[in-house]
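Notes for the one structure printed next.
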Amino acid sequence: MSIADPIERALSRSGHRLTAPRRAVLDTMRDLGNHFTAEDVQHASPAVGRATVFRTMKLLRDLDIICQVVLDDGAVVYQLNEEDDSQHHHHVVCSECGKVAEFASDGLERVLDDVARATGFEIDAHRLEFYGRCAACHAR
Ligand SMILES: [Zn+2]
Ligand SMILES: [Zn+2]
Ligand SMILES: [Zn+2]
């Protein structure tokens with residue numbers, strides 16, 4: 001059986017079902033488009049309880065189905081990752097229009113080993129965003 005929806009596929013691969021509340025949260029996020037906050041999702045899906053929205057967003061984040069992006073003013077927004085098999089990656093955010101591009105870099109990830117060695121820490125997580133102007137804003 002093949003599942004057409006990449007998100008449903010990602011859920012099922014990790015042993016999760018696309019329950020009705022999860023589907024409602026997903027549909028809401030698709031409607032909201034580019035960036036949205038947890039509050040946006042809550043307001044736009046009043047039929048789904050607050051706790052369910054948060055739990056669902058946490059699950060989708062853990063599965064890399066949604067990305068958390070920190071804007072240059074510190075606001076935290078999310079975006080839906082429609083691509084299959086999303087890998088660990090980072091974001092470059094346009095300070096003018098808010099466009100977000102994704103990239104991955106082995107060199108960047110190798111820095112983590114240096115940090116672990118230099119500090120004696122075991123590094124569990126990291127967060128890194130780049131800010132600038134996208135090609136369209138740059139051309140203006
Ligand atoms: Zn991303
Ligand atoms: Zn831009
Ligand atoms: Zn990284």
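Any value given below was found using the heavy atoms of this structure, including those in side chains, with hydrogens, waters and symmetry copies removed. Here the structure is a predicted model, which means the values were calculated and not measured. Numbering of ligands and ligand atoms starts at 1, following listing order.
The Zn ion (ligand 1) has no N, O or S atom of H90 under 2.8 Å away, backbone or side chain. Taking backbone and side chain together, C94 holds an N, O or S atom under 2.8 Å from the Zn ion (ligand 2). Here D64 does not reach the Zn ion (ligand 1): none of its N/O/S atoms is less than 2.8 Å from the metal. The Zn ion (ligand 3) has an N, O or S atom of H126 under 2.8 Å away, backbone or side chain.
Salt bridge D114/R117: present, at least one basic N to carboxylate O contact under 4.0 Å. We find that D5 and R30 are joined by a salt bridge, their nearest charged nitrogen and carboxylate oxygen being less than 4.0 Å apart.
Counting heavy-atom neighbours within 6.0 Å of F103 CZ, excluding the residue itself, gives a total above 12. Atom NE2 of H126 has more than 12 heavy atoms from other residues, nucleotides or ligands within 6.0 Å.
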Worked verdict on M29 versus Y78 for side-chain contact (heavy atoms from CB on, under 4.5 Å) = CA-CA 9 Å; M29 293 192 299; Y78 296 87; 5.9 Å; no
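Checked against the Zn ion (ligand 3), the N, O or S atom of E109 at the shortest distance is OE2. The Zn ion (ligand 3) is closest to atom NE2 of H88 (considering only N, O or S atoms).
Between the NE2 atom of H91 and the SG atom of C67, the angle centred on the Zn ion (ligand 1) amounts to 120° when rounded to 10°. The angle subtended at the Zn ion (ligand 1) by NE2 of H89 and OE2 of E102 is 100°, given to the nearest 10°. Angle SG(C137) to the Zn ion (ligand 2) to SG(C97), rounded to 10°: 110°.
Considering all non-hydrogen atoms of both residues, F130 and L108 come closest at CE1-CD2, 4.4 Å. Between V93 and V70, the shortest heavy-atom distance links the atoms CG2-O, 4.3 Å.
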